[in-house]
Amino acid sequence: MVHRKFLWEAAAVLMSYSLAAGSAAPVVHYDLNEGAGAIVRNRAGAAGEGRFRGPVAWAPALDGSGILLDGATNSVFCGPMPELDEEKGMTLLVWFKSTHPLGLRTVASAENPESGEGWRFGVDNNRLFSVLPPNEASSGWSDGLWHLGALVIWGREVREYMDGELVRSTSLEKPVRLNAGAELAIGSLSGRELGGFHGVIDDVKIYNVVLEADRIRQEFRRLVKAPQNNPELESGAA
């Protein structure tokens, strides 16, 4: 416990300078604001464009548009993940509105299908999951409301956030490989037509840095400014 606490405190100190200097920019950013067509474009870093697998469908989101997925026949494949500096860690931020409580509903993933190495994030029978198994104490996320999910990985350390608040913090037996030769998928497991998401996904960001809790909380409050997380709130609402 002391070791894990020290690691996260050290990470916060090391990252605080870069955050203050404004260098914590995403290395991947699919804002999903195209609103039409089968192509989604990356707005940051070297990752390529994404393309719909299956039927193309879009829907209004909290800020612009998002991809509308049916849980079985469509998702977006984005090609190879860019190489990350694993010593700096990774933070995934993604908005989603899950509308089906049953089944494995993957929001985003970057796993090597042969080795199984990499990461995934989503809800499984209404329970939050990532590189960690489904969280029995964290359920109710397939409620048809908008939620901001965040996955932070730094070596063996994993943190999950929902709506700007820490849900789970765990130290694994071995480090999570961020450079596992994986492709990024939005709405399914990497390279596979499995774990399909049911609902709307918007604004997928990946940082090559451990974002602080306050930064994640600010991202949630940027779009959702009421405790009840009203799905109809517009960006900038009071």
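N208 CG to E83 CD: the interatomic distance, rounded to the nearest 0.5 Å, is 10.0 Å. Atom-to-atom distance recorded for K205:NZ and T91:OG1 is 12.0 Å, nearest 0.5 angstrom. Between atom CG of residue L132 and atom CG of residue L172 there is a gap of 5.5 Å, rounded to the nearest 0.5 Å. Here R53 contributes atom CZ and S75 contributes atom OG; the two are 3.5 Å apart, rounded to the nearest 0.5 Å. Within the model, atoms CG of N125 and CD of E136 stand 9.5 Å from one another, a figure rounded to the nearest 0.5 Å. Atoms CD1 and OH, on I67 and Y30 in that order, are 11.0 Å from each other to the nearest 0.5 Å.
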ask   = Which is it for E86 and N179 under the side chain to side chain contact (heavy atoms under 4.5 Å, CB included) test, yes or no, and what are the steps along the way?
value = CA-CA 8 Å; E86 296 195 340; N179 298 322; 3.5 Å; yes
inquiry  = Go through it in stages, so that I can follow the logic: the residues are W119 and L92, the test is side chain to side chain contact (heavy atoms under 4.5 Å, CB included), and I'd like the CA-CA distance, side-chain angles, deciding distance and then a yes or no.
reply    = CA-CA 10 Å; W119 56 267; L92 165 75; 3.8 Å; yes
message = Run C78 and N42 through side chain to side chain contact (heavy atoms under 4.5 Å, CB included) and show every step you take.
response = CA-CA 9 Å; C78 300; N42 176 37; over 6 Å; no
task = Evaluate side chain to side chain contact (heavy atoms under 4.5 Å, CB included) for L128 paired with V167, printing each intermediate quantity in order.
result = CA-CA 9 Å; L128 181 66; V167 172; 4.1 Å; yes
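The two atoms that bring N33 and G64 nearest to each other are OD1-CA, 3.5 Å, heavy atoms only. Nearest approach of G144 to K97, heavy atoms of both residues: O-CD, 3.1 Å. The nearest pair of heavy atoms linking G37 to V56 is O-CG1, 3.2 Å. Heavy atoms only, all atoms of each residue included: S109 and S190 are closest at OG-N, 3.0 Å. Residues D143 and G140 share a closest heavy-atom pair of OD2-O, 3.3 Å. Nearest heavy-atom pair, E183 versus P80, reported as atom, atom and distance to 0.1 Å: CG-N, 3.9 Å.
The hydrophobic clustering, which links ILVMFWY residues whose side-chain heavy atoms are closer than 4.5 Å, places I153 and V27 together. No single ILVMFWY cluster, assembled from side-chain heavy atoms under 4.5 Å apart, contains both L194 and F77. Both L166 and Y207 are part of a single hydrophobic cluster, where members link through side-chain heavy atoms under 4.5 Å apart. Under a hydrophobic clustering in which Ile, Leu, Val, Met, Phe, Trp and Tyr are joined whenever their side-chain heavy atoms come within less than 4.5 Å, directly or via other members, L178 and V94 fall into the same cluster. Grouping the Ile, Leu, Val, Met, Phe, Trp and Tyr side chains by contacts below 4.5 angstrom, directly or via other members, places F121 apart from L104.
Checking R127, R168, R120 one by one against E160, the salt bridge (Lys or Arg N to Asp or Glu O under 4.0 Å) holds for a single residue, R168. Tested against E219 for a side-chain contact (heavy atoms from CB on, under 4.5 Å), the candidates L211, D203, D214 yield a single pass: D203.
Using a cutoff of 4.0 Å between basic side-chain nitrogens and carboxylate oxygens, E157 and K174 are not scored as salt-bridged. Under a 4.0 Å N-O distance rule, the pair E165/R217 qualifies as a salt bridge.
Counting heavy atoms from C-beta outward, V107 and I201 have side chains that approach closer than 4.5 Å. For the pair L93 and F220, the minimum side-chain heavy-atom distance is 4.5 Å or more. Counting only heavy atoms from C-beta outward, the side chains of W154 and V176 never approach each other to under 4.5 Å. Counting heavy atoms from C-beta on, the side chains of V200 and F96 never come closer than 4.5 Å. Two residues are said to be in side-chain contact when any heavy atoms from C-beta on lie closer than 4.5 Å; H100 and R105 meet this criterion. With a 4.5 Å cut-off on side-chain heavy atoms, R41 and E34 count as touching. F129 places a side-chain heavy atom less than 4.5 Å from the side chain of T106. The shortest side-chain heavy-atom distance between P26 and I206 does not fall under the 4.5 Å cut-off.
T99 places a side-chain N or O within donor-acceptor distance of the main-chain N or O of H198, the cut-off being under 3.5 Å. Between the side chain of S98 and the main chain of S142, no donor-acceptor pair closer than 3.5 Å is present. No donor-acceptor pair under 3.5 Å is formed between the side chain of S188 and the backbone N or O of N74. At least one donor-acceptor pair under 3.5 Å links the side chain of N112 to the backbone N or O of A180.
A centroid separation of less than 6.0 Å is found between the aromatic rings of F52 and W58.
Within 6.0 Å of CZ on R51 lie no more than 12 heavy atoms contributed by other residues, nucleotides or ligands.
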